[in-house]
Structure formats: C-alpha cells, structure tokens
> 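One structure coming up, written as structure tokens, with questions to follow.
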There are 2 protein chains.
Amino acid sequence: MIDMSRVTCYIVPMSLRHGLLDLLAGEPQSGYDLARFFEASMGNVWPAQHSQIYPELGKLVAEGLITQVDEGPRGRKLYQTTPEGIDALRTWLRESPPDYSVRYEALLRIFTLWVLPTDEALAYLERDRAEYRRHLAQIETAIGEVEWSKNPINRGARLTIEFGRRFYATLIEWIDWAAEQVRSGTLEPGGPLPTI
Amino acid sequence: MIDMSRVTCYIVPMSLRHGLLDLLAGEPQSGYDLARFFEASMGNVWPAQHSQIYPELGKLVAEGLITQVDEGPRGRKLYQTTPEGIDALRTWLRESPPDYSVRYEALLRIFTLWVLPTDEALAYLERDRAEYRRHLAQIETAIGEVEWSKNPINRGARLTIEFGRRFYATLIEWIDWAAEQVRSGTLEPGGPLPTI
DNA sequence: CCTTGACATGTCGAGACTGACAGGACAAAT
DNA sequence: ATTTGTCCTGTCAGTCTCGACATGTCAAGG
C-alpha cells in the first residue's frame, strides 16, 4: 500500500522551460539566440545562462514540446514550439499558482549599507544608480527597436517590457531619495529617520 | 605547477548568509524569528525558508561570524552577529560585485498571457493585482509598526522597505495599464499595439 | 486529562542554477 | 597562411534552494 498521506507535493517551478516555450512560439530560434534574447528581455525577470538553456532544449525536444525545424551554419539548430508546447503553457498558467516572490541581490545589499561610512555608502548608491540607468536605457532601446505590433506574442511581451521600464524608472527615483537620506546622516548613529 | 590560467573564479553568492548577518547585527534573534522576519521585510528581495536558515546559522557559528548569546524556552536559540561578522559584511559590500539580476516568476508569466483568451487573461491580471495590493498593505503596515528610528541598522532597512512600497505601487499602476491594453484586444490576432 | 495549535529546531533528497571547461565552424584582417 | 574574434553547442562539479519529513515543547481550552 502506498501511504497517500505522504503524497502532498505538486510544486512545478520549471520557469525556464516555460520561458523557452514562449520565446520559441514565434520565429524559430537557436539556443544561442535564446541566450542573447534572455539578456535583453525575459532575462529582466528570469535570467538564464546558455549552460542551462541547452540541456533544457534537449528535454523539451524529447517531450515533444518543441521541434528542431532547421539547421543553419556552424551547427546552428533552430527550434520552434509545437502545439503541445502551447498547450503546456496554457496548462501552466491555469493550473499552477504563481510564485510572487522576488529575488534581487542588489537590493538586499542596501539593507547592509549602514556598515559603510556615509561617503562610501553614497558612492555605492551612485554606482547602483549608473547601473540602473544603463538598464533603463537598454529597455528603452529595445522598446524602440523591436516590432511589437507583429503578433499577440510580441504585444504580450511588450506588456512585461513596459513594467521593466517603469521598474527602473522607479528604482532611479528611489535611489535619489535614498541618497538624499544617507546624505542627511540616516546611517550614522543618532541620525534622522528617513522621510518620505 | 598549478595552471594559474585556470584559476579565474571569484564568485561569492552567499546572499542568505549576509542577510542573516545583517539581521543579527541588532537585537539577538532565533532561527524562528528570522524565518518570520524574512517573510515580512528582507524576504521581499531575498526569500528564505527555515530549512535553509538553520543550517546557515550553524555554519555562521562555526566560522565565528555569529554567536549564540542565550537560550530561551522550547530550545529557542538566540544569535547575534560578532564584530568579525560585521567585518564580513563590510568586505562583502566592498569586494564583491553586486548581482543586478532580478528573478520574478509572476512577471515571467505575463509574457505568456497571450495563450489565454482575453477574458481569462483579464481575470488573471485581476488576481495578480489583488496579490500586489496585499503586499503593498503588508509593507505599509510594517512601515507603520516598526520603530525605524532606533538605530542605523533599522534606518538602513527602512530605505529598502521604502523601495518595496514604491515597487508595489508601480506594479499596481502598471497592471491597471496592462489590463486596459488587454481589454482593448492587444492579445488577440490583429489587435492594437499597447500604448503608453 | 487530553487535544489542538502555535512555537521551535533540525535533516534530507531532488531539482535549479552557475561558472568553468571544452571544442568546433566560419569570416575578416594581418 | 595564420591569427583573432565571434558564432555556436555542449558538459560538469559544486552550490543554492525547496518541499517534505521528523521531533519535541509549551499554553490554552474543552
């Protein structure tokens, strides 16, 4: 007899695989394309290295969720999502609960900023700010360059990209505020409470 | 001879350990406290389960970065960060490059929203919106309840919490915009391009 | 008395993820 | 001719992370 009281696990992370299924639902792409595209768009909410992408593509082919539609120069393999793959995406959205948790190391570090002297903390925030400006610029470039109107897939992606834009704009506004607080001595002993 | 051309790795993730070092730098806390606190504050940028926290506390004690300062009822163990632990935090901030990547599964899903019919996509966004409102409310409660003025540690945490507040406010504004786009047929074949 | 539920600490196996390693194809420049 | 650089696919060891499992304490209420 199987002890059914023990069988309580239904968790299905596998975010990467669903990201890939989405990206391969439009134009066929290679693992190399995907790795680069991840950097620029989906990578803003779910980063992935090629070392993780290639094995996953293999599994997806084995399960019939994508197929290799062509082979280009230098062994370049082009994949595309099958109808079964699209079904898998639909099931994923419908059946599994979203994971609303956020992981952001760069912000975790701000918690610890009090261990640095004020001037060093300010320099730290300045470096972060520059990074955020880069991200914002990159997203705005993407918004300007890609043909979003093409199909529902691209227009759907445009929705998320728009969040990216607002996200980095908010980050920059926030970090300016934070720098102002630090400048006024918040991180020093007996310093003032941050004010909104 | 060691082939130095191969020694190129310096990566130090270990975010959790530094999160714990920060949290234990003020009032002594137990693993149980930390697990609960993670949910409410640091967990907004770096979630952690107790099953990961307890072993990490053991390692930190072994390395002398925290010490057990007291034992309460029910075997409750109270830890506090040592001066060496604070040094480790400072070194972390100074020597290791921040990881600016964001992981957010709930937003990854929005990429794929086009596989659902418009009405179902709208219901999906509505559920997300409710979730974001919950998070925002929780953060605003935390802002109102905690004594942020106490010390630099708490005031530093207040900086990050403030970002959480703005983050969820931005999410809600964005999702209202996204729902409006979906309502106007963006995810249907031949639908309009999202407009800002 | 005994059940229920919150408090509290811990382990474990499996899967996710990373950086490093490895190697081949093709184009352009030297 | 050969070097350099980008393109392109892949593997692997080690770490991180999670859900499930396991165990025990204490207080309150029935």
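Proteins come first, then strands; the chains are lettered A, B, ... in the order of their sequence lines, and each starts at number 1. What's counted below: heavy atoms across the whole structure, side chains too, no hydrogens, waters or symmetry copies.
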> On DNA chain C, compare the nucleotides closest to A:E56 and A:P73; which residue's is nearer the 5' end?
A:E56

> Quick one: B:Q49 CD to C:dA16 P, roughly how many Å, whole number?
16 Å

> Output the single nucleotide from D:dG19, D:dT9, D:dA27 whose closest atom is nearest the side chain of B:R74.
D:dA27

> B:Q52 side chain: which of C:dC7, C:dA27, D:dC18 is closest?
D:dC18

> How many whole angstroms separate atom CD of B:Q68 from atom C1' of C:dA8?
13 Å

> Between D:dT17, C:dA20, D:dA20, spot the one nearest the side chain of A:H50, thanks.
C:dA20

> Once you round it to whole Å, what is the distance between P of D:dC16 and CH2 of B:W46?
10 Å

> Among C:dA16, C:dT11, C:dT18, find the nucleotide with the atom closest to the side chain of A:M14.
C:dA16

> Taking CD1 from B:I53 and C1' from D:dC18, how many angstroms apart are they, rounded to a whole number?
12 Å

> Say whether, by atom type as modelled, one donor and one acceptor occur between the side chain of B:W114 and the main chain of B:P189 under 3.5 angstrom.
no

> Could you tell me whether the side chain of B:T81 and the main chain of B:L21 form a donor-acceptor pair under 3.5 Å?
yes

> Could you check which of C:dC7, D:dC12, C:dT11 has an atom nearest any side-chain atom of A:S51?
D:dC12

> Students often mix this up, so state it plainly: with edges at 30° and 60°, are the rings of A:H50 and A:Y54 parallel, tilted or perpendicular?
perpendicular

> Under 4.0 Å, counting only non-hydrogen atoms across every strand here, what does B:R17 touch: a base, just sugar-phosphate, or nothing?
nothing

> Donor-acceptor check, side chain of B:Q29 to backbone of B:L23, threshold 3.5 angstrom: yes or no?
yes

> Could you tell me how far apart B:F37 (CZ) and C:dC7 (C1') are, to the nearest whole angstrom?
19 Å

> Are A:T170 and B:R166 close enough, and set up right, to give a side-chain hydrogen bond (donor to acceptor under 3.5 Å, both in side chains), and what steps lead you there?
CA-CA 7 Å; A:T170 302; B:R166 297 181 185 212; over 6 Å; no

> By nearest atom, which of the nucleotides D:dT9, C:dG10, C:dT11 is closest to the B:Y79 side chain?
C:dG10

> Among residues 23-31 of chain B, which ones have heavy-atom contacts with DNA chain D below 4.0 Å?
none

> Figure out the CE/P separation between B:M42 and D:dT17, and round it to whole Å.
14 Å

> For a quick test of reading the model: is some side-chain N or O of A:Y54 closer than 4.0 Å to OP1 or OP2 of D:dT9?
yes

> Under 4.0 Å between a side-chain nitrogen and a carboxylate oxygen: does that hold for A:E162 and A:R158?
yes

> Does the side chain of B:R103 get closer than 4.0 angstrom to OP1 or OP2 of C:dC17 through an N or O atom?
yes

> Is the phosphate of C:dA8 approached by B:R76 (side-chain N or O, under 4.0 Å from OP1 or OP2)?
yes

> Looking at B:R155 and A:T186, would you say the former's side chain and the latter's main chain have a donor-acceptor pair under 3.5 Å?
yes

> As a test of reading the structure: which of C:dT11, D:dG10, C:dC7 is closest to the side chain of A:K77, going by heavy atoms?
D:dG10

> Which one, D:dT11, D:dT9, C:dA8, comes nearest to the side chain of B:D33?
C:dA8

> Measure the distance from CD on B:E71 to C1' on C:dG10 and round it to the nearest whole Å.
14 Å

> Choosing from C:dC17, D:dT11, C:dT9, which nucleotide comes nearest the side chain of A:L16?
C:dC17

> Rounded off to whole Å, could you give me the CG-to-C1' distance for the B:D99 and D:dT17 pair?
15 Å

> Using the six-membered ring of A:Y124, assess whether NZ or CZ of A:R127 lies under 6.0 Å from its centre and within 45 degrees of the ring axis.
yes

